[in-house]
Amino acid sequence: MRTLSTASTSSSLFALHGLTSSSRFEDTSLSLPISGVFQRQIGRSNLRNGCLSTKGRTEKLNKHIIVSAADVCLDRSVVEADLQREGMWSVHKFGGTCMGTAKRIQNVAEIILNDASEKKLVVVSAMSKVTDMMYNLIDKAQSRDDSYVTALDDVFEKHKLTANDLLEGESLALFLSQLQRDVSNLKAMLRAIYIAGHATESFSDFVVGHGELWSAQMLSLVLKKRGSQCSWMDTREVLIVNPTSSNQVDPDFIESEKRLNKWLPEHPAETIIATGFIASTPKNIPTTLKRDGSDFSAAIMGALVRAQQVTIWTDVDGVYSADPRKVSEAVILKTLSYQEAWEMSYFGANVLHPRTIIPVMKYNIPIIIRNIFNLSAPGTMICQLPTKEKGDDEGLESVVKAFATIDNLALVNVEGTGMAGVPGTASAIFSSVKDVGANVIMISQASSEHSVCFAVPEEEVDAVAKVLQARFHQALEAGRLSKVEIIHNCSILAMVGQRMASTPGVSANLFDALAKANVNVRAIAQGCSEYNITVVIQGKDCVKALEAVHSRFYLSKTTLAVGIIGPGLIGSTLLDQLRDQAAVLKEEFNIDLRVMGITGARTMVLSNLGIDLTRWKELLKEEAEVADLEKFAQHVHGNHYIPNTVLVDCTADSDVANHYYDWLCKGIHVITPNKKANSGPLDRYLKLKAQQRSSYTHYFYEATVGAGLPIISTLGGLLETGDKILRIEGIFSGTLSYIFNNFTESRQFSDVVAEAKQAGYTEPDPRDDLSGSDVARKVIILARESGLRLELSDIPVRSLVPEQLRTIASAEEFMRELSKFDANIANERQDAEAAGEVLRYVGVVDAVNKEGRVELRRYKKEHPFSQLSGSDNIIAFTTMRYKEQPLIIRGPGAGAQVTAGGIFSDILRLASNLGAPS
Ligand SMILES: NC(=O)c1ccc[n+]([C@@H]2O[C@H](COP(=O)([O-])OP(=O)(O)OC[C@H]3O[C@@H](n4cnc5c(N)ncnc54)[C@H](O)[C@@H]3O)[C@@H](O)[C@H]2O)c1
Ligand SMILES: N[C@@H](CCO)C(=O)O
Ligand code: NA
C-alpha cells in the first residue's frame, strides 16, 4: 500500500485517469490513506476515515499509485465543485444557432465569463447557415455558376457586419484584415474549382472550414475586449484524424495529444476558443469531422484535456424521455448513462451522435446538454450510470429511461423450412442487403430458424426485395424458402434503460401496455446487453404506442381526451366530480383526464389543452359555439397527442345514442348512463356490441341500471366466469322505489312524485319512470346482457301514468295535472294496506322462460322488498351458483352523486384497461 502523490494537481489528475499503466493490482478492495488536494478532488463523500475504498482496479504508474476515476468518482457534483477550484479544464461547445448573431455571440461570451473554472476550452461552430453557404459556394463553382462570386461577397458581408457590431478599434481592424485575406484566398481557390469543374474533398473541406475560423476569432476577440486572457486555436494544428472506410474519421489521440502538449505552452491562456468541425490528416491536409462534427470536436478536446465536464449548448432544455411532439407528457431527463444516450441517439432521438460519446466515455467525463436560451434549466447530464443509492426509487420507472421511435420503415421477412440448420443463409441475406447499400436497422430471428426478419428504411425496401428475390430465386422455386415478404408502413419503438438489465417485469409491462392500447407487435429484438427492447409496430400506431408505454412507466400520465355530452343534472355533477378528483388521479393513479369539450343541446365549448373545470359553466356561456355533434366528436378525437378518446353521453337522447356505432368504428370509447342504445332495437344493439368487440374499443354503461350500484359488472362477472343466469328480479327504479317507500296514508301521490323529481331521481320526463318504460328498459338491458334476444315491446308493462296525461307535451304540465288523478292510486294502496301488504314496482328477467316483465305487485310487509328506504334499488340474481340464496345487491339506485360516481368509475375502468396502474 502506498500513499498517493499530491505533488501537482494536473499530474495527479492526469494520473487519476490513468492513461498509461505499468502494472495493475487485482486487489478489488484496497484501502488507501489519502489527504489534501486529492482528497478534495475525489470528494469527501467517497471517503471514510480518510481512506478511500476502491471497488475496482488500482493502477501503478512510476512511483504513484493511481486510481481510475471510473472506479471511484461517483458523486460528480461534489467532485466538480472541488475540481473547479483546482484549475481543471471545462469544455463548452456552442453550435451555429448559439453563434447566430452578434447579440448571441455576446451572450456566449457572457456564459464563458461566468464559468468560474480556471481553464476553459470553448469549441465553436460557424455562425448559423454559414457552413451551408460555404458548401453552396463549392457547388456553384463546381457547376461553373458565376454567381459564386456574389455568394462569397454575402459570406464576407455577413461576417463584416457581425464584427462591426462586436468589435472596435484595433481588434476590429485585425479581424477584418484577416477576413479580407481569407476571402481573397477563397476567391482564388473557388476560381480554380470553377475552371476544373471539380473540387477534391480536401479542397472543399478547406473551404467550408472557414466558417469556424472566423467565428472562433471573433469570439476570442470579444472575450479579450472584456478582459479575458484568451487565445484562439485553429484546431487543424492539433486535432489529427484518420479517414475510415465508412466516410467517417477516427481521431488519432496519441498524435493529437502530442500536438496539444506543444500548442498549449506556446499559447498560454485561461480560455481557448477552438474551431469545431475541422481537423487535419496525419499529413496535415485539412479535413472535417463530418456530420455533428463540432460536438465530436468538443468530445475529443474534452478527452485530450481530461476535462471535468463538457457542456454542449443547444436550443433545447435537455434530452426528453420521448419526442415531446409525440408525447405531451415527455419530461427532461436529469441524467442518462453513456450507454443510454447511445441507444437514444441510435433511435433517432436528437441527443448526440453516438461517436461523440466515445472519447469522453473513455475518461468518464460527463457531457451536459444545456439550453442557451433557458439558463434556468439544469439540462441533462450524460455520465457513467450513477450507482443506486439506498432509498432510490426502485420502481420500473427508474429502470426505464426513455422511448424513441423510427418511422417509415419496412419489415422484410425471409421465411422457409430450408434455412434451419443451413449455415450461410443469414450471411447470404445480409450480404445481398449490403450489395444494394440498404441500412439494416434491426434484426430478429426466431430460434426455430424458420424465419429471419429485419427492418430497413421504406425507401430502400424495393431494392432489398428485388435483390433477395434474385439471390434466393432457386430456393424459392424449390420451396426451400416459402417467401420473401415485405411489410410496409412500420415503425420501430425502442425502450431504453441501462438498469433494465436483469430487472424482471420490464418487458412484461411494455407488452402489456401495448396490448391494452390495442397495438399489434410484428417483431421484437432485445440484445443480451438489455439496454433496449425494440418492437416493430404499424406506423399508424406509433404515437398511440409511444403514449401508452411512456405512461406505463410513469413518465407521463395515462391521458384520456374526454368529451362530455349533456351537462344536465348528471353531466354537471360528473364534471364537478372530475374537477375535484383530477389532481389525485394524476398524482396517485397516473391518470390524466382532459375534458376537451362539453356539449349541450344548443351550445358547446371546445378546448385544445383541456377545459378548466373550475370554470366550465362560465366557459360554456362565454366561449360557447353552436352545438354540432359531428364537429364535437371530431374535435375531441382529433388531438393526435392524446392517444385515447372517450365520449360520455349524459343525455337521455336516442339521437345521441345512435352515434355510438360510428364512434366505436373510429376507435372512440363510449361511456354512458343513457339507456337508449342498449334498450333500443335489438338488431342495433347486437351490431353495436359486435362492433365494440371487433374494434377492441370499450363501451361501458354501468350507470344504466341501478346508477352507481355494480349491477352490470356483477352480471358480467358471473357470465364471464361461466355461471348461468336463471332469474334477475328486483326494484330497478330509484324513482318508483322512493315513491312507494314514501307514499303513506298521509301523503298525496303527486306530491311524492314531485319530491322524487326534486331529488334528481327521475328521468328528465318523470313519465318515463311512472310509465314503467324506464324499468322496462333496465329489464331489457339485463336480459340482453344475459343473452336473451328480447325487444322492448316484448315486455308487458303496468303504466302508472293516467291515460289522459300520456299525450301532454311537456313534463312540467304533466306534473301540474298529475294531482287530479291522485285518488286512483290511493285506492290501490289502501287495498294493499288492508291486506297487510305494500305496493312495489318490480322488474323480472326470467331467463329460463326467456321473458321479462314489469309489474306493480303487492308484498307482505316482512318481505325484503318491503324493507327498502329512500331511492334504494334491490336486485336479486338467481343463478346456477346462487340457486338456494340469490346474490343480492341493494343501495341507492338513483340520484346525481351516485349516478355520476358510477360513470366516473367507468372512466377509471377505461383508463385501467388502457394501461393505467390499478
Ligand atoms: N338521474 C338519475 O339518477 C340517473 C340515474 C341513472 C341514469 N341516468 C341517466 O342519465 C341521463 C341524464 O339524466 P339527467 O337527469 O342528468 O337529465 P338532464 O335532463 O338533467 O340532462 C340531460 C342533458 O342533456 C342535454 N341534451 C339533451 N339532448 C342533447 C343532445 N342531443 N346533445 C347534447 N345535449 C343534449 C340536455 O340539454 C340536458 O342538459 C339520462 O339518460 C338518465 O336516464 C340518470
Ligand atoms: N330515473 C331512474 C334513474 C336511474 O336510472 C330511476 O329512477 O331509477
Ligand atoms: Na349500475
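For ligands, and for the atoms within them, numbers begin at 1 and follow the listed sequence. Every heavy atom of this structure was used, including side-chain atoms; hydrogens, water molecules and symmetry mates were not. Throughout, numbering of the chain's residues begins at 1 and tracks the sequence.
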Shortest protein heavy-atom distance from [atom], along with the residue and atom involved:
atom                    : value
atom 9 (C) of ligand 1  : P673 O, 3.5 Å
atom 38 (C) of ligand 1 : G568 CA, 3.9 Å
atom 20 (O) of ligand 1 : L569 N, 2.9 Å
atom 16 (O) of ligand 1 : I570 N, 2.7 Å
atom 35 (C) of ligand 1 : T651 CG2, 3.3 Å
atom 4 (C) of ligand 1  : T899 OG1, 3.6 Å
atom 25 (C) of ligand 1 : G566 CA, 3.7 Å
atom 42 (C) of ligand 1 : E763 OE1, 3.4 Å

Which N/O atoms of ligand 2 sit under 3.5 Å from a protein N/O, and at what distances?
from	atom 1	to	atom 2	distance (Å)
ligand 2	1 (N)	Y761	O	2.8
ligand 2	1 (N)	E763	N	3.4
ligand 2	1 (N)	E763	OE2	2.7
ligand 2	1 (N)	D769	OD1	2.8
ligand 2	5 (O)	K675	NZ	2.7
ligand 2	5 (O)	K778	NZ	2.9
ligand 2	7 (O)	G734	N	3.3
ligand 2	7 (O)	T735	N	2.8
ligand 2	7 (O)	T735	OG1	2.5
ligand 2	7 (O)	Y761	O	2.9
ligand 2	8 (O)	G734	N	2.7
ligand 2	8 (O)	K778	NZ	2.8

Worksheet item: Does any donor atom in the side chain of D822 or S750 lie under 3.5 Å from an acceptor atom in the other side chain?
Response: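 Checked: D822/S750 side chains pair up, N/O donor to acceptor below 3.5 Å.
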Worksheet item: Going by atom types only, do S713 and R909 share a side-chain donor-acceptor pair under 3.5 Å?
Response: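 On atom types as modelled, these side chains do not qualify, holding no pair under 3.5 Å.
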Fill in: Derivation of the salt bridge (charged side-chain N to carboxylate O under 4.0 Å, His left out) call for R777 and E763
CA-CA 12 Å; R777 287 185 186 281; E763 291 303 293; over 6 Å; no
Within the 4.0 Å heavy-atom shell around [X], which atoms of ligand 1 are there?
X    : result
A894 : 3 (O)
K675 : 7 (C), 43 (O)
T599 : 33 (C), 34 (N)
A601 : 29 (C), 32 (N), 33 (C), 34 (N), 35 (C)
D653 : 28 (N), 29 (C), 30 (C), 31 (N)
G895 : 2 (C), 3 (O)
A703 : 6 (C), 7 (C)
P764 : 17 (O), 19 (O)

Worksheet item: How about the Na ion (ligand 3), which protein N, O or S atoms come within less than 3.0 Å?
Response: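 Near the Na ion (ligand 3), the protein supplies E702 O, E702 OE2, V705 O, A707 O, L709 O.
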Worksheet item: Under 4.0 Å between a Lys/Arg side-chain N and an Asp/Glu carboxylate O for K860 and E862?
Response: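 Salt bridge: no.
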Item to complete: Please state whether G734 comes within less than 4.0 angstrom of ligand 1, counting heavy atoms only.
Response: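 Contact check G734 vs ligand 1: negative.
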Discussion item. With a cutoff of 4.0 Å, is D655 in contact with ligand 1, counting heavy atoms of the residue only?
Written reply: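 False for this residue.
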Worksheet item: Would you say V854 and Y841 make side-chain contact, with heavy atoms under 4.5 Å?
Response: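 Yes, side chains in contact.
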Fill in: Any protein heavy atom < 4.0 Å from atom 29 (C) of ligand 1
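Neighbour list for atom 29 (C) of ligand 1 includes protein heavy atoms (cut-off 4.0 Å).
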Worksheet item: Does atom CZ of R789 have more than 12 heavy-atom neighbours from other groups under 6.0 Å away?
Response: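 For R789, atom CZ is not crowded (no more than 12 foreign heavy atoms under 6.0 Å).
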Item to complete: Taking all non-hydrogen atoms of both residues into account, name the closest pair between E817 and K820 and its distance.
Response: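 So the two residues come closest at OE1-NZ, 2.6 Å.
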